Amino acid sequence: CDYRMKRYVFRRTVDGIHIIHLGKTWEKIMVAARVIVTIENPSDIIVASQRPYGSRAVLKFSQYTGAMAMAGRWMPGTLTNQITTKYLEPRLLIVTDP
């Protein structure tokens, strides 16, 4: 297992499969939920994924929360170039790609 993930691994099986520590995972999920809840206007949240397996999750999350979905490829400069018509300035950016 990677040294950055070592603190989230509960143990390793004989087959070499790493078992995730559910208590620490739950703590991180609760921290993320608290951050998302602090944003008053859900349209100030952008959820992005370029990968095909993350697109469905992004679309579902935005459907239920009212956040803006950016599934698939998106225009460069969307977050940095103020001159473009598609310029966005979110308060929170959630990225699902590894």
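Residue numbers run from 1 in the order of the sequence given. All values reported here derive from a predicted model rather than from experimental measurement.
When side chains are defined from C-beta on, I45 counts as touching I94, because their heavy atoms get closer than 4.5 Å. Considering only heavy atoms from C-beta on, N81 stays 4.5 Å or farther from P76 through its side chain. Put simply, the side chain of L92 does not reach to within 4.5 Å of the side chain of I46, judged on heavy atoms. Residues V58 and S49 are in side-chain contact: their nearest non-hydrogen atoms beyond the backbone lie under 4.5 Å apart. Between H18 and F10, the closest side-chain pair of non-hydrogen atoms is not below 4.5 Å.
With K24 contributing its side chain and R7 its backbone, the two residues share a donor-acceptor pair below 3.5 Å. Not a single donor-acceptor pair under 3.5 Å links the side chain of S62 to the backbone N or O of G66. Side-chain N or O atoms of T78 include none that pairs as donor or acceptor with a backbone N or O of W74 at under 3.5 Å.
More than 12 heavy-atom neighbours from other residues, nucleotides or ligands sit within 6.0 angstrom of CD on Q63. Within 6.0 Å of OH in Y87 there are more than 12 heavy atoms belonging to other residues, nucleotides or ligands. Atom CG of L93 has more than 12 neighbouring heavy atoms from other residues, nucleotides or ligands inside a 6.0 Å radius.
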Subject >> Y64 vs L59, side chain to side chain contact (heavy atoms under 4.5 Å, CB included): CA-CA, chis, key distance, verdict >> reply: CA-CA 9 Å; Y64 291 117; L59 294 172; over 6 Å; no
Subject >> Step-by-step side chain to side chain contact (heavy atoms under 4.5 Å, CB included) determination, L79 to E89 >> reply: CA-CA 6 Å; L79 301 174; E89 193 171 0; over 6 Å; no
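Interatomic distance, M70 CE to K86 NZ, rounded to the nearest 0.5 Å: 8.0 Å.
With no hydrogens or angles considered, a side-chain donor-acceptor pair links N41 and S43 at under 3.5 Å.
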